[in-house]
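Note that the coordinates shown come from a computational prediction; the quantities given were computed from them, not determined experimentally.
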Amino acid sequence: MLLKAINKEDLAVFVDNLIKGYDEVVGPVPKEFKYVFSKIGSSAELALDYDSTLLPPKKHLLPQREVLFSFDKADGIEIEPNLDATKRVIFGIHSCDLASIWLMDQIMAEGNADAHYLTRRKNTFIIGIDCGKPCSENSFCKSMGTLKPEGGYDLFLTDLGDLYAVEVGTNAGEELLDNGSFYPASYTIKDRFFETWRGKLHNFPDRIKFDTEKLPALLTESYNDLLWDVLEERCFDCGACTTVCPTCYCFDVFDVANLDLTSGERARKWDSCQVQNFAEMAGGNNMRGKRSDRLRHRLFRKGKYFKEKYGKFACVGCGRCGRSCLAKIDVMEIFNRLK
Amino acid sequence: MKNLEIKVENVTRLEGHGSIRVKVKDGQVVESAFDIIESPRFFEVMLQGRKYSDSAPMTSRICGICAVSHTTVSLEATEDAFGIVPTEQTMLLRKLIFHGEMIQSHVLHVYFLVAPDLLGVGSVIPLASTHLDVVRMALRLKKLGNDICAVVGGRHVHPISMAVNGFTKVPAKAELSALRERMVAARADLAATVELLKTLPLPDFTRETEYLSLKGDKEYPFIEGDLVSSDGYTFKRQDYLDHIKETVVPTCTAKHVKAKRPSYMVGALARFNNNHELLHPAAKAVAKALGLTAPCHNPFFISVAQLVETVHCNEDGIAIIDQLLARDIKMEPNTVVTKAGRGVGVVEAPRGILFHDYTYDADGYMQKANCIIPTGQNIANIDHDMNGLIPVLLNADKGEEEISKTLQILVRAYDPCISCAVHAIEVEFVK
Amino acid sequence: MKPKVAVFALTSCEGCSLQILNLEDHLLDLLGQVELVNFREAMDEKREDYDIAFIDGCATTPHDVEELKKIRAQAKVLIAMGACAVQGGLYAMRNFHDHAKTVETVYGKDMAAHFSHSLPVRPLSHYVKVDHNLYGCPMDKFEFVEVVRSLLLGKAPNIPDYPLCNECRAAENICVFDRGMTCFGPITRAGCGAICPANGKGCEACRGLVSKPFIDSHKKIMKQHGLSVEDLLAQFREYNGYWEETHEKSGN
Amino acid sequence: MHNNESFYLPQVAEVVGIKEFSPREKFFEIKMPEGPLGHQPGQFVEVSILGVGEAPISVSSSPTKDGDTFEMCIRNTGSLTNKLHQLKVGDKVGIRGPYGVGFPVHDLTGYDLLFVAGGLGIVPLRSMINYAVDRRSEFGKITLLYGSRTPSDMLFAEDIEHWKKVPDFNFMPTVDVADESWGGKIGPITRLFDDLKFDPSKTMSLVVGPPVMFRYVLKAMLAEGIYESHIYLSMERRMKCGVGKCGHCQMDYVYVCQDGPVFPYTRVRNLQEAF
Ligand SMILES: Cc1cc2nc3c(=O)[nH]c(=O)nc-3n(C[C@H](O)[C@H](O)[C@H](O)COP(=O)(O)OP(=O)(O)OC[C@H]3O[C@@H](n4cnc5c(N)ncnc54)[C@H](O)[C@@H]3O)c2cc1C
Ligand code: SF4
Ligand code: SF4
Ligand code: SF4
């Protein structure tokens, strides 16, 4: 591991240099009493001690709505793909969200690679930051194995009081170092770094009450459990949970014609497996017509399907869904009920 | 021509449904009336028993065209009832959004409803092929008015963030700066509009009447101040019932309103006549350039007064934005402590004075509500103007068609907002 | 040939009609695709040979109903614009008051007879077949464009049928429940961009409910947040009184 | 693909032939801009009209067909399919694909083939039927059980006439509701099993039909002694991207667009969301 350090007072200069040197720098900024990832114009806007953001940083890699291509049929058929190659730095991503980006990278690159995501991703530099303490009552990252990042970042900052220890994850990360006063971490700094991380692991409670390796098996057993029917009594089919989830990426594709009716665009937009007609077909057939079927499907994606396919859970334990669900349907709580 | 009967149902290019009825017998006008035939909507009853926080959103739905005016006056009435004095920031934001509505409404009226008359076409649509640049300019100006409302209140038709004692969301400085830039740029469009209006012939007709408006102290008044009449008397907002009376006319779902004389005028021209000295210098210059001098007794000059006000609102809007930018715009607590009692709000909607008068119980539930709308106040004056105008037209040997047309132009000049006019609560029936 | 379009207003605030004029950036393009033949708020011409009719407002008098039926007979496509037309909207509130008394309160005892012709407030679909709905109070002007565009292309307009929370979270609004307020978002049809929560106010369900709303769960949540049944009903009636009349005869 | 980067970009193909099978179903012959489509029997394409939308449609022709066009049969059920029905010869459509896993032609080689088609299920099956017919020597005897609602709902009349003449091809139709012209069987497709003779160890079954049909047909087939491992199905789910990203077609952990649409029965038999 390549470990560097930067003094806290030098961080602002680093960020401002990034703002000058790249097309766009995105970071956590306050929104009243919450936080959001947003493009910044100066390092002063950053709130690096944020707890969690309303939406995960996925919106900068897979935007809520994205034009896939535009077309014009006026004079033959012209089709122009929309690939966003903005040189973008996302600053200050916590380890749970980093893990979700890793997962998204696998999914989007697999089979027919999604050029729109990947173009954006290739041009995005990711600077993570450690979060110190649990960000909310609902977070259970430690149980899902995402507390300590395993790659997925170009740089990762750990707060050591007067300075940040900086892990360099990629060659691209190394290039970023030119923008600030980084120096090699001394042995003392390294010691403090490891010490901090040991301490951090203690700060985080084990919120899932069993070994999560058992989760896929427990879910399998629960397939026809009453649990799902109980949740059926509460869920609104709103999809707020999937909207805020860093690992949810389902989308709808649709055409929007301009008013000349000969030109327009094909776009995609976040969709949710929790809404009623997500899987509905012509004639009204719907394989997940019941609310409980849809809830189960979401939970199985989070705790089983992806784990079995990629070796990682598609839930990174960020707690956003639990915080955002008005019916108080909380993944952590459901997992715990499986035992 | 000795006998004449004119009936125009559903006068077009009005915000709402209105009709004209004229009867001339042996050269004498025996009947001339502008009726409002919108279905009655009974707002005052619907408001009964509702919580104070519903008053503004509900009364905003009296009229989509002056939604900001209804919202503002409703908030004023509620605040008056509870003894709440809004902060300076709130007042600045309210004035700004009010300017936005004034710009959007006046531009809509001048370009979409009046200009086609003066250019002799039936709507703005043919103008898109003959005067494309003018139409584009009109749309640009109208959009500016709308966007001012959207930045301050969330949207124009039924603003969202305006609340009792403040705002539920305040605009970001960047949004205001962006607006300011557009308002500065709009000066050119407004100047071009002035040039355009110079070329349009306004019918020459005067009839002296009473002009009623808010009374400015230091500012050209839209949402603050007592009331003033051109007849020389003033009165406090809360005392309005001592000075004006609503009456019901069987043919008309809007109530008519009178003060001392049989009729009075409210709106841009009344405001101009009573407060012209407080206009922004740029607006004064426009008035001068267009030959509008106070007192003006030609109702066809209402459109000119509207343009003068549009310029004023744009300039004053820029000044308000500068004031807001110079301070910290922050979310302020909009605490409300309810108490039993009556409150009156009065604002100058684009078409004139608008009253909301509420009585709440101690928990802030509505017991009684009354709304008096500008168009209701103008109806009697329109009737009297028609009465005065018809003989002039008859003497000039105008045919029935032309008389009818001119009367419609007259009605449109008042920009009657008919949706507003039909609502009404408790009425004092005058025998 | 361009389809001929008419815009009518029954009993309403005419805010929805105004929303069409408020489409400043699209108005000229729209006029390039359709021929506007009847729009009292904007033009003199009143032709009766329209193909597509947009109507704002609800029918509240026999005259309104007659007019509505006439429009239906002529129009190939009839579109309800805004909460009043789609679901009765705000005016349906008055169905909960005694009508004779209402007229009397407003116009006075002596004159009441002249104004007593009003009917209970009903959405357009109560009287005629409605082909498309434009939800909201006022309707969303971009949805209006979507409907026009879809009609021209002969496809179904893309109008959401899932709860507002979805859109609200995607817009990164702070949930108003987190501000200690209440909201109808969980049962209200999305499509407005969650404009009320974005402006610091709870959703008032002006777009009406999703086609399968989970009312019971929502009621529970509203009660948990301290709303009395009366206040909840009063709020609900602001735009959905007619729904209540037709769905929940029993009251709460 | 021209702008090869994004798989969402359709190729502009030309409609070179149209036949009206019924008021609801039309048959289209499509020519890709650069040579043949290059598909396997059972695969599908994403068809689009720019400005209207896109939908997954099975390729109904066999890759062994002469010429470099391919064929589809489309039922008018909504916005896009309605617009497709209005197309004329010479019009352009957008095509992406072919996508998905088709019928495992190599695993089927040497076996008797039992096709079971319910309603529109004949559309994807036709690609495999014609494949087997064109390479007649590579397969054993062929049986086609075809159930439709009424005689006039039967698609591919010309093909059927042709298949009947193919050596060792047994065509067995049934309808739910008959008319005067009908001389054949009446009743559910499972009725046809009564007259069916087959050797389970030598027979591969290919079943496509509406969701309700799967349930009872599969039950009946297993009762007849057909080996589970010798059954293939083609499934249909809502789909947006066609390539395993959008999530719509996922049944339990299986993506219909990527892992299917053709599945060995053994792969999906325990998926509750499959039936
Ligand atoms: C692998 C596959 C192969 C198919 N092959 C054929 C074929 O060969 N011939 C044929 O006629 N049809 C086929 N279909 C079905 C066809 O895709 C749908 O009928 C079509 O998408 C409807 O689109 P639309 O725009 O006309 O309808 P819309 O107006 O979009 O919708 C009408 C109805 O169709 C439903 N629907 C929307 N998208 C889909 C979808 N992707 N799949 C199913 N239902 C949907 C909607 O919920 C709605 O109820 C196939 C589907 C799949 C998944
Ligand atoms: S689980 Fe909660 S957030 Fe998700 S759809 Fe149901 S109610 Fe909405
Ligand atoms: S399922 Fe919930 S806790 Fe898990 S990653 Fe998604 S939002 Fe976070
Ligand atoms: S503010 Fe309303 S619409 Fe938004 S998430 Fe909360 S409950 Fe849902």
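Counting heavy atoms from C-beta on, the side chains of C:Phe214 and A:Arg291 come closer than 4.5 Å. Contact annotation: the side chain of C:Phe177 approaches that of A:Leu326 to within less than 4.5 Å [non-hydrogen atoms, C-beta and beyond]. Under the 4.5 Å side-chain criterion, counting only non-hydrogen atoms from C-beta, A:Phe236 is in contact with C:Ser217. Between A:Lys31 and C:Asn173 there is a side-chain heavy-atom pair separated by less than 4.5 Å. Between A:Asp260 and C:Asp29, the closest side-chain pair of non-hydrogen atoms is not below 4.5 Å.
Between the C:Asn166 side chain and the A:Cys238 main chain, a donor and an acceptor come within less than 3.5 Å of each other. Between the side chain of A:Glu32 and the main chain of C:Ile174, no donor-acceptor pair closer than 3.5 Å is present. At distances below 3.5 Å, at least one donor-acceptor pair connects side-chain atoms of C:Arg169 with backbone N or O atoms of A:Ser324. Checking side-chain atoms of A:Lys59 against main-chain N and O of C:Ala170 turns up no donor-acceptor pair under 3.5 Å. No side-chain donor-acceptor contact under 3.5 Å links C:Arg149 to the backbone of A:Asn258.
No more than 12 heavy-atom neighbours from other residues, nucleotides or ligands sit within 6.0 angstrom of CD on A:Glu137. The environment of C:Asp49 atom CG is dense: over 12 non-hydrogen atoms of other residues, nucleotides or ligands sit within 6.0 angstrom. Counting heavy atoms of neighbouring residues, nucleotides and ligands inside a 6.0 Å radius, atom NZ of C:Lys2 exceeds 12 of them. A 6.0 Å sphere centred on CD of C:Gln74 holds more than 12 heavy atoms belonging to other residues, nucleotides or ligands.
At least one test fails for C:Arg179 against the ring of A:Phe33: distance under 6.0 Å to the centre or angle within 45° of the axis.
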Q: Please report the C-alpha distance between C:Asp178 and A:Lys34 in whole Å, then the side-chain angles of each, then the deciding distance to 0.1 Å, and finally whether the salt bridge (Lys or Arg N to Asp or Glu O under 4.0 Å) criterion is met.
A: CA-CA 10 Å; C:Asp178 290 342; A:Lys34 304 266 181 183; 3.5 Å; yes
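Between A:Lys328 atom NZ and C:Gln224 atom CD the span is 7.0 Å, to the nearest 0.5 Å. Considering CG of C:Asn158 and CG of A:Asp255, their distance stands at 10.0 Å, rounded to 0.5 Å.
Chain C forms the most heavy-atom pairs under 4.5 Å with one residue out of A:Thr243, A:Leu55, A:Thr53, A:Leu54, and that residue is A:Leu55. Of the listed residues A:Gln64, A:Gln276, A:Arg323, the one with more heavy-atom pairs under 4.5 angstrom with chain C than any other is A:Gln276. Listed options C:Ser211, C:Gly32, C:Pro163 were ranked by heavy-atom pairs under 4.5 angstrom with chain A; first place goes to C:Pro163.
Using a 4.5 Å cut-off between heavy atoms, A:Arg65 does not touch chain C at all. For a residue to count as touching a neighbouring chain, one of its non-hydrogen atoms must lie under 4.5 Å from one of that chain's; by this rule C:Leu30 touches chain A with backbone and side chain alike. The contact between C:Gln33 and chain A is made entirely by side chain atoms (from C-beta outward), counting heavy-atom distances below 4.5 Å. Proximity to chain C (any heavy atom under 4.5 Å) is restricted, for A:Val275, to the side chain, taken from C-beta onward.
Legend: salt bridge (Lys or Arg N to Asp or Glu O under 4.0 Å) pairs involving residues 154-164 of chain C, not counting sequence neighbours, sorted by first then second residue: C:Asp161-C:Arg189.
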